[in-house]
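Reading through the structure tokens given below for one structure.
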Amino acid sequence: MKKEKVFTNKSVSDLLNNVSAALTIKGANQFRVTAYDRAAASVAHLSSEIKDIWDENKLSDIPGVGGSIAGHLDELFRTGKSSHFESELKSLPPAMFEFLKISGIGPKTAFKLALKLAIFDKKYALKKLEVACKKGKVREIEGLGKETEKNILESVKQENLSKNDSQRMLLFEAEKLAGEVIDYLKESKEIISADPLGSLRRKVSTVGDIDISVSTNNTKKAVSWFCKYPKVKKVIKAGDNVGSVYLSSGHQIDLYAIEPKSYGSLLQHFTGSKQHNIHLRKIALEKGLSLSEHGIKEEKTGKILHFYNEKAFYRFLKMDYIPPELREDRGEIAAASKGDLPALVERKDIVGDLHTHSNFEIKTSHDLGANSPKEMIDKAVGLKYQYLGFSEHNPAVSRLNEEEVILILKKKRNLIDKLNYTSANKLNIRIFNGLEIDIRPDGRLAIPDRGLKLLDYAIVSIHSSMRLNKDKMTKRVISGLSHPKVKILAHPTGRMLNHREGYELDWKKIFSLCKKRKIALEINSYPDRLDLSDTMVREAVEAGVLLSINSDSHACSHMDFISQGVFVARRGWAERKNIINSWSVEKLENFFKSQA
DNA sequence: GCCGTTTTCGGCCCGACTGTTTTCAGTCG
């Protein structure tokens, strides 16, 4: 059997970067080079898989991918190779593309190294380069020197072949890491404020490098304080306004320092996204203005206008303030100019969690929660929730007969009723009796109808046979959604960030059914799920489908993950009205009882 | 090679930093 070649966003992005490098060496038009750079960066930051986008015939929708590159990529996905890309790359030594992985080495240096050291093969290229460095051969090359040699040696040795070689961090991890650095920075009396930048500030589900800005009256001191952060392993650069370090954990952190009067411009500039800023810059240019991290320059007078904060910046451009989560150049600039931005859902709008697992002994074949219902309720009260839904996995049908299953579900029903009696009196929180039910491969639900009757609502989801094809999977899910008690489809694509791609579904069909039958699609807040993804949320919202932001907690502490789901919802342009667990108890109760 | 509320041609962001230089090229974001 022929093995299918796997294309990931990362591998496609690398390929485009290599083509860009090849064009640079060949002295191609610089705009053609940057076009490939842009396409590569764009693909690397996609929030869905490029293969899926190709499936839907939407490659040209990717910013920076036009007819030509889309055509080559199409050939690549259809046949496993692109004759055009291959011909661009073939005249150059394959080793140089390995060298490109080293931070600080670009196309010209990589090419020079390969040529002068006569390292041509890809195999052992880095190893051979390391040997050459140790022999002092690199410093002999014209234009290179001791420092370059040292940098290469350190990079190769530490496998700090960064430049995106390591996998992207989950947003949750990045927030934690950046939070610690920011806390440290704020200890300095020179530093007035410090904020995350880039994808971290835009709350993208995965984050590459961490960038941080500081407002200070002494940028040099701020950078030097940053470089003294105890977890720094190596200072990459330390200029008057910019610092860059590797932590001992291997993560790279960049710092940008600026005086307070320009802080708004800096924050805006480095929050990006790149596409958002390019679009803004174009609009500004038409008005005779040029944008930079220092401010807005009036071309006519040469005067630079400074902005303390971003609100003033956007106001000057005659736009509403655009929340960082929306800054992806997906229509937010036009909307902000017209005063048409959505009123994005906020964390405080979420007044209940409908997907949680307690340790109630339900004899499931999946995982139980770690905490008791009582402990979970205390946590929910602490979060000021108005309601909490327990949705343990269904009892294991293969090991129990129907009567045993019903018995367990009755026991759970009784417990919830009892909890409601006490909680209504003492805690002022409503408890709902949910259940997370497997949709079996044939589309049937894993518990009998008699069991469903005991529930306030059912969540359905897929936990097995994830490799069914799109058609079969769609039929399976649609069948699983058919019972009127089913109100939520949990983690709808089954993806795990950095771990596995989701299964494929015919979303047109799913959306239209969910809209008609008023079934909410879940935004699962678990840090490595974040499923639906932001782009799918946007499509769901536009299709008029309801959403539910849930934590899928298997322990009390997991209930804090809910903010991660809120970020995804915001990135998907979702408003409070789209989210069922922002509704009042009464409205939600009616929703559960409705039989659309 | 991409892109379009001055659209199918003629533009395309730009500054900081490092290393190797002695005025600048290469890399990065």
Side-chain angles (χ1 to χ4, degrees), chain A residues 16-17 19-21 23-25 28-42 44-45 59-73 84-85 88 99-100 102-113 138-152 162-164 197-199 208-211 213 219 223 235-244 252-258 262 265-266 269-287 289-297 299 304 329 333-334 337-338:
Chain A
L16 293 170
N17 266 326
V19 173
S20 154
L23 292 171
T24 304
I25 300 304
N29 177 316
Q30 56 156 324
F31 296 113
R32 214 177 137 214
V33 175
T34 42
Y36 272 93
D37 284 337
R38 278 187 59 202
S42 193
H45 293 106
L59 281 180
S60 301
D61 286 2
I62 301 171
V65 174
S68 170
I69 294 182
H72 301 315
L73 289 177
H84 177 75
F85 292 161
E88 291 291 2
F99 300 162
L100 281 178
I102 300 166
S103 175
I105 305 287
K108 304 217 170 159
T109 312
F111 181 64
K112 197 189 270 183
L113 284 169
V138 170
R139 69 180 72 181
E140 293 170 6
I141 300 172
E142 198 188 341
L144 306 181
K146 276 186 190 169
E147 290 301 316
T148 309
E149 197 170 88
K150 201 173 122 207
N151 170 45
I152 293 173
S162 74
K163 278 213 227 164
N164 306 322
L197 300 167
S199 50
D209 290 338
I210 288 177
D211 301 326
S213 60
T219 58
V223 171
V235 175
I236 304 166
K237 65 180 170 191
D240 289 348
N241 304 295
V242 177
S244 188
Q252 183 178 337
I253 316 236
D254 298 340
L255 186 88
Y256 299 90
I258 204 162
S262 297
S265 283
L266 181 85
H269 180 83
F270 285 109
T271 295
S273 67
K274 209 162 201 169
Q275 296 306 320
H276 175 85
N277 284 352
I278 287 172
H279 193 158
L280 277 185
R281 223 172 274 131
K282 269 184 192 155
I283 290 177
L285 273 176
E286 289 160 11
K287 298 178 182 170
L289 305 167
S290 84
L291 310 182
S292 81
E293 65 261 48
H294 298 290
I296 300 183
K297 191 162 101 186
E299 291 300 352
I304 294 183
D329 195 25
I333 291 174
S337 305
K338 285 186 283 180

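The chains referred to below are lettered A, B, ... by the order of the sequence lines, with proteins before strands, and numbering in each begins at 1.
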Does [X] have a side-chain nitrogen or oxygen under 4.0 Å from the phosphate oxygens OP1 or OP2 of [N]?
X      : N      : answer
A:H269 : B:dC13 : no
A:S103 : B:dT27 : no
A:H84  : B:dG1  : yes
A:K108 : B:dG26 : yes
A:T148 : B:dT20 : yes

Indicate syn or anti for B:dT6, taking the glycosidic torsion and treating anything within 90° of 0 as syn.
anti
How would you label the contact of A:G272 with the nucleic acid (heavy atoms, under 4.0 Å): base, sugar-phosphate, or nothing?
nothing
So which nucleotide from [options] ends up closest to the side chain of [X]?
X      : options                : value
A:E147 : B:dC2, B:dT20, B:dG29  : B:dT20
A:D209 : B:dG29, B:dT27, B:dA16 : B:dG29
A:T109 : B:dT27, B:dC17, B:dG29 : B:dT27
A:I69  : B:dC17, B:dC2, B:dA16  : B:dC2

Nearest-Å distance, CG (A:L16) to P (B:dC2)?
10 Å
Which whole number of Å gives the distance between the [atom1] atom of [N] and that of [M]?
N      : M      : atom1 : result
B:dT20 : B:dG26 : C1'   : 11 Å
B:dG4  : B:dG15 : C1'   : 27 Å
B:dT8  : B:dC3  : P     : 16 Å

Taking A:S20 for its side chain and A:L16 for its backbone only, find out whether a donor-acceptor pair lies under 3.5 Å.
no
Is a side-chain donor or acceptor of A:K274 paired with a backbone partner of A:S42 at a separation under 3.5 angstrom?
no
According to the Watson-Crick and G-U wobble definitions, with both distances under 3.5 Å, which nucleotide is paired to B:dT27?
B:dA16
Give the ring-plane orientation class for A:Y36 versus A:F85, where under 30° counts as parallel, over 60° as perpendicular and anything between as tilted.
perpendicular
Note: A:I105 and A:A110 closest approach over all heavy atoms is CG2-N, 3.7 Å
